[in-house]
Number of protein chains: 2
Amino acid sequence: MDRQLTQRGEERRRQLMAYATSRFAENGFHPTSVAEITEGMGVGKGVFYWYFDSKEALLRAILADAQLDLRRRQRAALADAATPSERIERGIRASMRWSIDHADYFRLFQFAATDERFSDGLRKGESVAVKDAATQLRAAMDAGEIAPGDPVLLSHALLGVHTHLVHLVHRGVLEPTDEVIDTAVSFCLHGLLGRR
Amino acid sequence: MDRQLTQRGEERRRQLMAYATSRFAENGFHPTSVAEITEGMGVGKGVFYWYFDSKEALLRAILADAQLDLRRRQRAALADAATPSERIERGIRASMRWSIDHADYFRLFQFAATDERFSDGLRKGESVAVKDAATQLRAAMDAGEIAPGDPVLLSHALLGVHTHLVHLVHRGVLEPTDEVIDTAVSFCLHGLLGRR
DNA sequence: GGCCCACTTGACCGATCGGTCAAGTGGGGC
DNA sequence: GCCCCACTTGACCGATCGGTCAAGTGGGCC
């Protein structure tokens with residue numbers, strides 16, 4: 001769907017994505033109908049299909065946007081870090097903060113990971129982030145900052161800690177304080193440190 | 001739905017749950033229709049509603065069964081462990097092995113966690129397991145085996161590593177070898193060990 | 001052999017789904 | 001002032017959904 005959009009059109013497209021994001025996050029993707037989205041916005045159903053090929057295409061667009069935003073934040077966080085292990089720590093902190101700040105996007109990621117129709121799209125973004133992290137881990141190993149091991153596997157371990165703790169924050173089990181992030185960072189860094 | 005079931009009835013019920021488990025795991029819960037299940041089994045639709053109140057009730061029953069099985073395995077693993085940290089290690093290993101062996105159940109857990117209609121049921125089981133783990137962590141802290149910290153938060157960190165790595169095994173990113181489990185255990189134990 | 005009831009069948013129900021489309025509407029450029 | 005085309009409307013489509021139910025069927029117990 002490559003349409004010539006006016007400024008007003010772009011705005012409408014953004015509105016649709018924003019509203020759909022909140023509905024999908026709250027109700028789930030499958031249980032939320034296109035009619036529910038358009039009626040909730042007070043527009044005709046045709047508006048939806050003017051901007052998106054399908055409900056599936058809409059979610060894909062939302063996920064792509066979210067991934068782009070997350071990646072931006074991650075890259076910015078690494079900008080002025082000196083050592084590899086400092087980069088690792090900043091990466092963890094930035095990712096957790098972003099995920100805590102963007103509960104709706106986070107929930108959509110979680111859902112998308114369970115559905116083959118969408119998970120492939122996530123994989124690419126995830127694997128890029130993991131490769132980046134693995135590069136930092138390798139550098140840290142070479143510098144003797146952390147114990148040797150499979151960098152990719154360990155990157156995923158970091159991701160696992162990040163994902164699960166953020167999930168708890170959104171469930172209200174944990175308060176969204178820096179203490180959670182600090183604990184995660186400490187746990188991860190010591191986990192990487194290994195025996196010495 | 002509390003029906004008087006004959007042996008044949010119990011068997012049919014088990015068949016339904018087994019077949020539905022594989023369909024839900026492969027296609028997703030919402031996209032899999034009741035008709036798809038009954039037709040796939042070659043039985044009339046009424047059979048389904050003889051044994052279950054609704055599609056939702058079926059998934060709930062499946063999840064409850066799976067949780068019971070997991071918990072059994074976890075408890076068995078802790079039986080002959082001497083120290084708290086040994087119990088922690090065995091708990092992690094048992095959970096990971098079970099999750100790797102039961103890909104379908106694991107996928108359903110992942111989905112259920114994203115849907116409010118089912119996640120509440122999971123919470124209870126999860127919180128019991130986490131409380132148990134936290135108790136072990138507290139004991140290990142008191143025994144000076146690991147660094148002090150919030151036991152519940154740290155239990156969840158362990159759970160996060162477990163979940164994410166198992167997920168990768170099921171995605172085919174990692175081989176289901178002991179190396180994955182060994183790395184997870186090592187990462188977690190050193191993460192708990194902390195500075196000293 | 002006959003009866004009971006656990007079990008099975010599949011047509012049927014109203015609701016709702018994702019998606020289409022012919023008929024407008026209205027704002028910006030000329 | 002008019003025209004073009006981006007945008008909007010909402011009735012409508014066929015398909016499919018979860019769930020119901022009256023009518024059987026057949027195995028086990030007396």
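In what follows, every chain begins at residue 1, and chains take the letters A, B, ... in the order their sequences are listed.
- If you look at B/Phe29 and B/Phe118, their ring centroids are closer than 6.0 Å.
- Using a 4.5 Å cut-off on side-chain heavy atoms (C-beta onward), A/Ser119 and A/Thr114 make no contact.
- Nearest heavy-atom pair across A/Leu108 and A/Thr21 is CD1-CG2, 4.1 Å.
- For the pair B/Val169/B/Leu165, no side-chain contact is recorded, criterion being any heavy-atom separation below 4.5 Å from C-beta on.
- For the pair A/Phe24 and A/Ile62, the minimum side-chain heavy-atom distance is below 4.5 Å.
- If you check D/dT20 for Watson-Crick or wobble pairing at under 3.5 angstrom, you find it paired to C/dA11.
- What you find for A/Ser99 and A/Phe106 is that their closest heavy atoms are CB-CD1, 3.7 Å.
- Using a 4.0 Å heavy-atom distance criterion, B/Phe52 is classed as making no nucleic acid contact.
- Within residues 42-50 of chain A, the residues that have a heavy atom under 4.0 Å from DNA chain D are, in order of number, A/Val43, A/Gly44, A/Lys45, A/Gly46, A/Val47, A/Trp50.
- With a cutoff of under 4.0 Å to any heavy atom of chain B, the contacted region of DNA chain C is bounded 5' to 3' by C/dA6 to C/dG10.
- Using a 4.0 Å cutoff on non-hydrogen atoms, the parts of residues 9-30 of chain A near DNA chain D are A/Gly9, A/Arg12, ordered by number.
- In this structure, B/Val180 and B/Thr177 have side chains that are in contact, with non-hydrogen atoms separated by less than 4.5 Å.
- As judged by a 4.0 angstrom heavy-atom cut-off over every strand, A/Arg3 is placed among residues making no nucleic acid contact.
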Worksheet item: When you look at A/Lys131 and A/Glu126, which way does the salt bridge (charged side-chain N to carboxylate O under 4.0 Å, His left out) test go after all the steps?
Response: CA-CA 8 Å; A/Lys131 279 204 182 77; A/Glu126 187 193 275; over 6 Å; no

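- Note on A/Thr32: only backbone sugar-phosphate atoms sit closer than 4.0 angstrom, heavy atoms only; bases stay farther off.
- The closest side-chain heavy-atom distance from A/Asp178 to A/Arg97 is below 4.5 Å.
- You'll find the side chain of A/Arg75 reaches within 4.5 Å of the side chain of A/Arg71, heavy atoms only.
- Toward the 5′ end of DNA chain D lies the nearest nucleotide of B/Lys55, the other residue of the pair B/Lys55 and B/Arg8 mapping further downstream.
- Side-chain contact between B/Trp98 and B/Gln74: absent, with no pair of heavy atoms (C-beta onward) separated by less than 4.5 Å.
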